[in-house]
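Quick notes on the structure that follows.
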Amino acid sequence: MDRKLKVGVLGATGMVGQRFVTLLQNHPWFDLAAVAASPRSAGKTYREAVGDRWKLGEDNPMPEKAADLIVQDVSHVEEIASQVDFVFSAVDMSKDQIRAIEEEYAKAETPVVSNNSAHRWTPDVPMMIPEINPQHTDVIEAQKKRLGTKRGFIAVKPNCSIQSYTPALYALREFEPTVVVATTYQAISGAGKTFRDWPEIIDNVIPYIPGEEEKSEQEPLKVFGEVKDGQIVKAARPLITTQCLRVPVSNGHIAAVFVSFAKKPTKEEIIERWNNYSGVPQQLGLPSAPKHFMRYMEEPDRPQTKLDRDYEHGMGISLGRLREDLVYDYRFIGLSHNTLRGAAGGAVETAELLTAKHFITPKD
């Protein structure tokens, strides 16, 4: 690569936007060139716009280069598009507004890699876990034809809650999972909150997260789907049913999973598939890709959120407590970091894959 790609972050002042900003610091391929947010933040420096709302703590301070950038109005599409090669999207708007503005950026010939859910079910928009479905980039040419663009398109990442179990199921696809029951215990950062913002969550569990169960049941099926006639057709199996709870944890989503198979594997076969799984990001050596995507932990009390969420810089999946079940074939525990693997980090890795496959290129 002759030069780093210039990137903008839309919705840069929110929690996921802040993650993008920190992950782009010293990135070997990407250079943060623009930050954008709502009109009330526009015209201020990034430091001024965020103020005391920096949510990543003292261990992840605001990068100095980003702090001095002037925040731009996210609705000034042509102005921002002229400054960057592509954008990450983490805007806080209604779904209709998000769909519209992301398409505006794409039509301004600026690829969009989005953390938002608005385009996850647009049939020609790839919803990427790069280790699982890199072939879904095949729909991008059909999308560009629909949008009337030469280089502009939209790619999204799936919901953070599915990362802790969807890769584990995909690694076992040869055994044909048929039924999956998953209960997710989701950190407050998934709601963009810290304990300072949300004291009511302390010593509390909230057994409802709006829209989360539908996403957790349906999005894996699109990830497992196949490209046909310029669209992604979701998989018919496995049947997935979920419950999603918000728990008083800062970062890290855990899933308790029960699964049955058409061809029941042995416990040893399952662990071997998990520990040795490798995808295209590992083969390409993408900068954000974990060296080992999944690991199985033998200890009976692991994985634990506090101890294990940062595995492979927050980009790996930790699995444990695999055992046979009385109703289903097996049960296990999965853990992923929700704002890294599940949000900004997963989007950065997706952008790296799109760059490696020459979908994202310099404008000049």
Side-chain angles (χ1 to χ4, degrees), residues 120-121 123 126-139 157-184 213-229 231-244 253-283 290 292-298 303 316-336 341-342 346:
R120 288 181 188 160
W121 287 100
M127 183 168 67
M128 308 292 297
I129 298 178
E131 282 84 358
I132 294 179
N133 61 337
Q135 72 279 8
H136 283 192
T137 57
D138 290 348
V139 300
K157 53 150 295 298
N159 194 46
C160 55
S161 70
I162 78 168
Q163 313 285 332
S164 53
Y165 58 92
T166 299
L169 296 174
Y170 185 77
L172 306 176
R173 63 196 181 282
E174 68 187 277
F175 305 113
E176 300 177 16
T178 56
V179 178
V180 176
V181 179
T183 299
T184 58
E213 286 156 3
E214 181 182 6
K215 295 174 187 176
S216 299
E217 293 165 358
Q218 294 299 313
E219 289 187 14
L221 300 179
K222 182 172 180 180
V223 173
F224 295 158
E226 58 182 314
V227 176
K228 290 183 178 179
D229 301 321
Q231 298 188 342
I232 299 166
V233 179
K234 73 175 186 178
R237 292 199 304 175
L239 176 66
I240 304 173
T241 184
T242 66
Q243 290 198 104
C244 301
H253 289 353
I254 273 186
V257 183
F258 300 78
V259 57
S260 289
F261 298 90
K263 305 171 184 177
K264 184 179 178 180
T266 65
K267 181 177 179 179
E268 292 73 22
E269 286 175 322
I270 293 174
I271 293 172
E272 189 276 332
R273 300 307 191 274
W274 286 344
N275 283 337
N276 293 302
Y277 185 87
S278 179
V280 168
Q282 286 70 42
Q283 296 161 18
H292 297 109
F293 183 37
M294 288 182 278
R295 64 168 174 178
Y296 182 76
M297 308 186 76
E298 296 284 354
I317 311 296
S318 296
L319 303 159
R321 298 206 68 207
L322 176 67
R323 59 247 194 250
E324 292 196 62
D325 186 69
L326 295 175
V327 177
Y328 302 91
D329 287 336
Y330 287 98
R331 47 185 162 166
F332 66 89
I333 299 294
L335 168 67
S336 61
R341 164 54 67 174

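What's counted below: heavy atoms across the whole structure, side chains too, no hydrogens, waters or symmetry copies. Remember, it's a predicted structure, so these values are computed and weren't measured experimentally.
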Worksheet entry | Nearest non-hydrogen partners of Phe261 and Phe175, listed with the distance | CB-O, 3.4 Å
Worksheet item: Which atom names give the shortest non-hydrogen contact between Ile162 and Pro167, and what distance separates them?
Response: O-CD, 3.9 Å
Worksheet entry | Minimal non-hydrogen separation, Arg341 against Ser336, with atom names | CG-CB, 4.5 Å
Practice prompt. Find out whether Pro130 and Val280 are in side-chain contact, i.e. whether some heavy atom of one side chain is under 4.5 Å from a heavy atom of the other.
Written response: no
Worksheet item: How far does CD1 of Ile232 sit from CD of Glu226, to the nearest 0.5 angstrom?
Response: 11.0 Å
Worksheet item: Sub-3.5 Å donor-acceptor pair from the side chain of Gln282 to the main-chain atoms of Gly279, do we have one?
Response: yes
Worksheet item: Is there a donor-acceptor pair closer than 3.5 Å between any side-chain N or O of Tyr170 and the backbone N or O of Glu131?
Response: no
Worksheet item: Who pairs with Glu268 by salt bridge (Lys or Arg N to Asp or Glu O under 4.0 Å), at least two apart in sequence or on another chain?
Response: none
Worksheet item: Mind checking what makes side-chain hydrogen bond (donor to acceptor under 3.5 Å, both in side chains) contact with Ser216, not counting sequence neighbours?
Response: Ser161
Item to complete: Give the intermediate values and the outcome of side chain to side chain contact (heavy atoms under 4.5 Å, CB included) for residues Phe224 and Thr166.
Response: CA-CA 9 Å; Phe224 295 158; Thr166 299; 3.6 Å; yes
Worksheet item: Who are the side-chain contact (heavy atoms from CB on, under 4.5 Å) partners of Arg120, not counting sequence neighbours?
Response: Ser117, Met127, Val156, Lys157, Asn159, Lys215, Glu219
Worksheet item: Listed by chain and number, what are the side-chain hydrogen bond (donor to acceptor under 3.5 Å, both in side chains) partners of Arg321, not counting sequence neighbours?
Response: none
Worksheet entry | Over all atoms of both residues, closest heavy-atom pair of Met294 and Ala171 | CE-CB, 3.7 Å
Discussion item. List the residues meeting side-chain hydrogen bond (donor to acceptor under 3.5 Å, both in side chains) with Lys234, not counting sequence neighbours, and say none if there are none.
Written reply: Gln218
Worksheet item: Tell me, do Tyr328 and Val259 make a side-chain contact under 4.5 Å, heavy atoms counted?
Response: no
Worksheet entry | Counterpart residues, salt bridge (Lys or Arg N to Asp or Glu O under 4.0 Å), relative to Asp325 (two or more places apart) | Arg331
Discussion item. So, taking the atom named CG in Asp138 and the one named NZ in Lys228, what distance separates them when rounded to the nearest 0.5 Å?
Written reply: 14.5 Å
Discussion item. Please enumerate all residues that pass side-chain contact (heavy atoms from CB on, under 4.5 Å) together with Glu298, with sequence neighbours excluded.
Written reply: Ile271, Tyr296
Item to complete: Ignoring hydrogens and angles, tell me if any N or O in the side chain of Ser164 forms a donor-acceptor pair with the backbone of Ile254 under 3.5 Å.
Response: no
Worksheet entry | Which residues share a side-chain contact (heavy atoms from CB on, under 4.5 Å) with Glu174, sequence neighbours left out | Arg273
Worksheet, complete the sentence: d(Ile240 CD1, Tyr165 OH) to nearest 0.5 Å is 6.0 Å
Discussion item. Tell me whether the count of non-hydrogen atoms from other residues, nucleotides or ligands lying under 6.0 Å of CD in Glu214 goes above 12.
Written reply: no
Worksheet item: For residues 235-244, which residue pairs qualify under side-chain hydrogen bond (donor to acceptor under 3.5 Å, both in side chains), counting only residues two or more places apart or in two chains?
Response: Glu217-Thr242
Item to complete: Would you name the heavy atoms of Pro177 and Leu172 that are closest together and state the gap between them?
Response: CD-O, 3.7 Å
Worksheet entry | Set of residues satisfying ring-ring contact (aromatic ring centres under 6.0 Å, His included) with respect to Phe332, sequence neighbours excluded | Trp274
Worksheet entry | Residues that Glu176 engages under side-chain hydrogen bond (donor to acceptor under 3.5 Å, both in side chains), provided they are two or more places apart | Lys263
Worksheet, complete the sentence: Between the OG1 atom in Thr184 and the CD atom in Glu213, the distance rounded to the nearest 0.5 Å is 7.5 Å
Discussion item. Which heavy atom of Gly334 sits nearest to which heavy atom of Leu319, and what is that distance?
Written reply: CA-CD2, 3.7 Å
Worksheet item: For Asn133, what residues pass the side-chain contact (heavy atoms from CB on, under 4.5 Å) criterion, not counting sequence neighbours?
Response: Met128, Ile129, Gln135, His136, Val223
Worksheet item: Any idea how Phe293 and Tyr277 line up, ring-wise: parallel (<30°), tilted (30 to 60°), or perpendicular (>60°)?
Response: tilted
Discussion item. Pair Phe258, Val327 - check side chain to side chain contact (heavy atoms under 4.5 Å, CB included), show working.
Written reply: CA-CA 9 Å; Phe258 300 78; Val327 177; over 6 Å; no
Discussion item. Can you tell me how far apart NE2 (His253) and SG (Cys244) are? Round to the nearest 0.5 Å.
Written reply: 9.0 Å
